[in-house]
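Here is the structure we will look at.
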Number of protein chains: 2
Amino acid sequence: MPLLVVGSVALDSVETPTQRRENVLGGSAVHFAYAASFFTTVHLVGVVGEDWPPEHTALLAARNIDTTGLAVIPGGKTFRWRGKYQPNMNDRETLEVHLNVFERFDPQLPEEYRRSKFVFLANGSPTVQLKVLDQVTGPSLVVADTMDLWIEIQRDDLALLLRRIDGLVLNDAEAKLLTGDENLVPAGHKVRELGPKFVIIKKGEHGAMFFGEHETYVMPAYPTPQVIDPTGAGDSFAGGMMGYLAAQNAFDPKTLKQALAYGSIVASFNVEDFSLDRLKGITRAEVDSRLAEYRQMLSF
Amino acid sequence: MPLLVVGSVALDSVETPTQRRENVLGGSAVHFAYAASFFTTVHLVGVVGEDWPPEHTALLAARNIDTTGLAVIPGGKTFRWRGKYQPNMNDRETLEVHLNVFERFDPQLPEEYRRSKFVFLANGSPTVQLKVLDQVTGPSLVVADTMDLWIEIQRDDLALLLRRIDGLVLNDAEAKLLTGDENLVPAGHKVRELGPKFVIIKKGEHGAMFFGEHETYVMPAYPTPQVIDPTGAGDSFAGGMMGYLAAQNAFDPKTLKQALAYGSIVASFNVEDFSLDRLKGITRAEVDSRLAEYRQMLSF
């Protein structure tokens with residue numbers, strides 16, 4: 001099954017304690033789509049400006065990522081983000097955000113995309129995420145990501161969204177903010193009671209937790225010794241997960257768990273270099289090989 | 001095999017965001033010993049004062065914990081600690097420490113204990129830990145715990161200790177402090193290169209990481225929804241682990257991994273109430289049942 005993703009497409013400038021990169025390919029929909037492309041065809045909807053390097057489109061197209069839905073705004077500038085990671089590589093400071101064309105992002109789904117069965121609403125305004133949902137007819141599985149900003153300023157629309165999606169992905173601090181609960185286990189279930197059938201809490205280097213009606217589990221991150229740039233880790237996690245689900249055309253508990261494991265593995269590669277540089281260099285066989293190692297690691 | 005533990009025995013006063021307890025049974029050797037007692041006989045060496053309530057000794061004795069080595073100092077006062085947990089239940093502030101009789105702790109092992117095959121040096125001065133090792137003849141497995149204080153003020157003795165033990169248990173912040181490496185994967189291996197055959201980094205609610213010469217793995221914490229008091233979590237983790245190893249009289253990689261899983265499970269019970277209150281109420285069967293659930297949780 002093809003997989004639809006709607007979200008940000010960006011040019012990122014990233015500083016780590018030892019290195020920096022300027023205007024590299026980024027954005028949540030991009031990290032998501034590239035990660036998912038190991039498993040299935042991806043339909044990407046986003047917006048960029050005139051400054052968008054066409055080689056980025058070519059890179060995505062070469063990976064079975066359909067960019068028909070990537071609008072290029074004449075005279076516009078692409079969303080830019082500049083961030084700096086602390087020595088622990090987990091905490092980061094946003095130095096600059098220029099939303100540019102993303103500020104007025106009003107996604108219009110191409111006709112074919114409206115019948116998508118697997119849909120991911122990457123981090124963005126819940127108002128816009130709801131508009132996307134209004135255009136999709138009869139999806140099988142809709143999963144959304146969100147962030148602290150929307151919990152703070154668009155809580156009503158977020159509440160509406162939560163009642164219309166099947167799964168929500170958010171990070172630990174956001175789950176605590178949304179529920180007021182400091183223990184992630186009750187927090188995860190409280191988020192689930194707001195609407196989604198399942199909730200996944202991302203804990204960065206500490207892995208992810210899954211909350212379903214009948215299941216609660218935690219999966220650690222694969223312990224990679226090489227963390228070069230964590231940007232996009234959460235998006236590539238979601239991309240690996242949704243890509244696998246769409247490829248299987250299933251989301252029963254067993255498939256979901258396998259999908260979370262794939263998400264963890266793809267994310268562990270993503271952080272091993274800047275932008276998509278590490279993911280560009282690996283094959284599906286390498287993903288499967290690390291997955292097998294990960295499974296072995298967790299069996300006792 | 002009986003298991004020897006040498007370390008602190010204390011009366012703790014604990015404040016959490018919602019509750020408090022005064023002068024409850026605590027100390028690293030106590031949490032360790034009680035956790036280990038689900039698996040094997042424990043020989044406890046420590047020191048207390050005249051104020052030590054005899055019912056605590058009775059409680060330990062009832063669990064196959066031999067307290068022949070628990071010295072009661074006439075006129076002395078027991079080590080007391082007072083701490084306060086932040087709302088996240090992970091960060092804590094030490095409000096008061098009165099070392100009392102523990103300040104001059106000079107452990108003398110009873111003759112029978114000197115032939116112990118399984119030895120745990122609970123958190124304490126490396127100088128004292130070395131003195132204990134000098135009294136033990138031909139142990140099979142020696143594991144030690146340490147903390148930031150000793151890394152800062154007794155680094156030379158800690159370096160000596162690291163070359164004489166088989167395994168070291170420490171937490172994430174301590175591993176970073178000891179090695180200067182912010183990524184726990186290289187940090188764990190760097191600690192191992194200082195001497196021990198294996199290193200275990202405890203990450204609190206995020207579980208534990210194992211570093212051997214040929215193996216690196218991570219085990220998440222069991223996701224308990226009820227964290228009442230995290231005091232002693234790390235010690236009960238180590239106790240569950242060492243108790244299982246001593247019971248098996250083995251420490252090959254497979255047994256070690258199973259032991260880490262048992263440690264995680266016992267620790268997950270320990271945090272569900274103050275002091276030993278939760279562990280006092282459960283049976284080995286309940287430990288095994290949660291272990292089975294944990295194994296299922298990690299298989300995909």
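Keep in mind the model is a prediction, meaning the values are calculated, not measured. Letters A, B, ... mirror the listed sequences (proteins, then strands); counts begin at 1.
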Next item on the list: Show your working on side chain to side chain contact (heavy atoms under 4.5 Å, CB included) between B/Gln248 and B/Phe39 and close with a plain yes or no.
Entry: CA-CA 9 Å; B/Gln248 300 296 310; B/Phe39 306 94; over 6 Å; no
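- We find that A/Asp166 and A/Lys197 are joined by a salt bridge, their nearest charged nitrogen and carboxylate oxygen being less than 4.0 Å apart.
- Put simply, of A/Met209, A/Arg295, A/Glu293, the one with the most heavy-atom pairs under 4.5 Å next to chain B is A/Arg295.
- Of the listed residues (B/Lys254, B/Lys203, B/Met89), the one with the most heavy-atom contacts under 4.5 Å to chain A is B/Lys203.
- Using a cutoff of 4.0 Å between basic side-chain nitrogens and carboxylate oxygens, A/Arg284 and A/Asp288 are scored as salt-bridged.
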Notebook entry, point to check: Are A/Arg82 and A/Glu15 close enough, and set up right, to give a side chain to side chain contact (heavy atoms under 4.5 Å, CB included), and what steps lead you there?
Noted result: CA-CA 8 Å; A/Arg82 179 181 294 277; A/Glu15 299 175 24; 3.9 Å; yes
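- Both the backbone and the side chain of A/Asn88 come within contact range of chain B, each with at least one heavy atom under 4.5 Å from a heavy atom of that chain.
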Note to self: For B/Thr283 and B/Glu286: C-alpha separation, side-chain torsions, deciding distance, then whether side-chain hydrogen bond (donor to acceptor under 3.5 Å, both in side chains) applies.
What the structure shows: CA-CA 5 Å; B/Thr283 61; B/Glu286 280 165 279; 3.2 Å; yes
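- Residue pairs that meet the ring-ring contact (aromatic ring centres under 6.0 Å, His included) test with at least one member in residues 273-300 of chain B, sequence neighbours left out, are A/Tyr294-B/Phe300, A/Phe300-B/Tyr294.
- Near-neighbour residues of residues 264-272 of chain B relative to chain A, defined by a heavy atom under 4.5 Å from a heavy atom of that chain, are none.
- A/Leu162 is not listed as a side-chain neighbour of A/Thr146, based on a closest heavy-atom distance of 4.5 Å or more.
- Residues of residues 218-247 of chain B that come within less than 4.5 angstrom of chain A, heavy atom to heavy atom, are B/Val218, B/Met219, B/Pro220, B/Ala221, B/Pro223, B/Thr224, B/Pro225, B/Gln226, B/Val227 in numerical order.
- In terms of heavy-atom pairs under 4.5 Å with chain B, the best-connected choice from A/Glu215, A/Glu205, A/Gln258 is A/Gln258.
- Applying the side-chain hydrogen bond (donor to acceptor under 3.5 Å, both in side chains) rule to B/Thr179 yields no partners; only residues at least two apart in sequence or on another chain are considered.
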Margin query: Let's go through B/Asn90 and A/Glu182 carefully: what are the C-alpha distance in whole Å and the side-chain angles of both, what is the deciding distance for side chain to side chain contact (heavy atoms under 4.5 Å, CB included) to 0.1 Å, and is it a yes or a no?
Written below: CA-CA 10 Å; B/Asn90 221 3; A/Glu182 287 282 340; over 6 Å; no
Next item on the list: Would you please test A/Leu141 and A/Lys117 for side chain to side chain contact (heavy atoms under 4.5 Å, CB included) and show each step?
Entry: CA-CA 6 Å; A/Leu141 182 75; A/Lys117 293 296 174 194; over 6 Å; no
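- Under the 3.5 Å distance criterion, the side-chain polar atoms of B/Lys190 are left unmatched by any main-chain donor or acceptor of B/Ala175.
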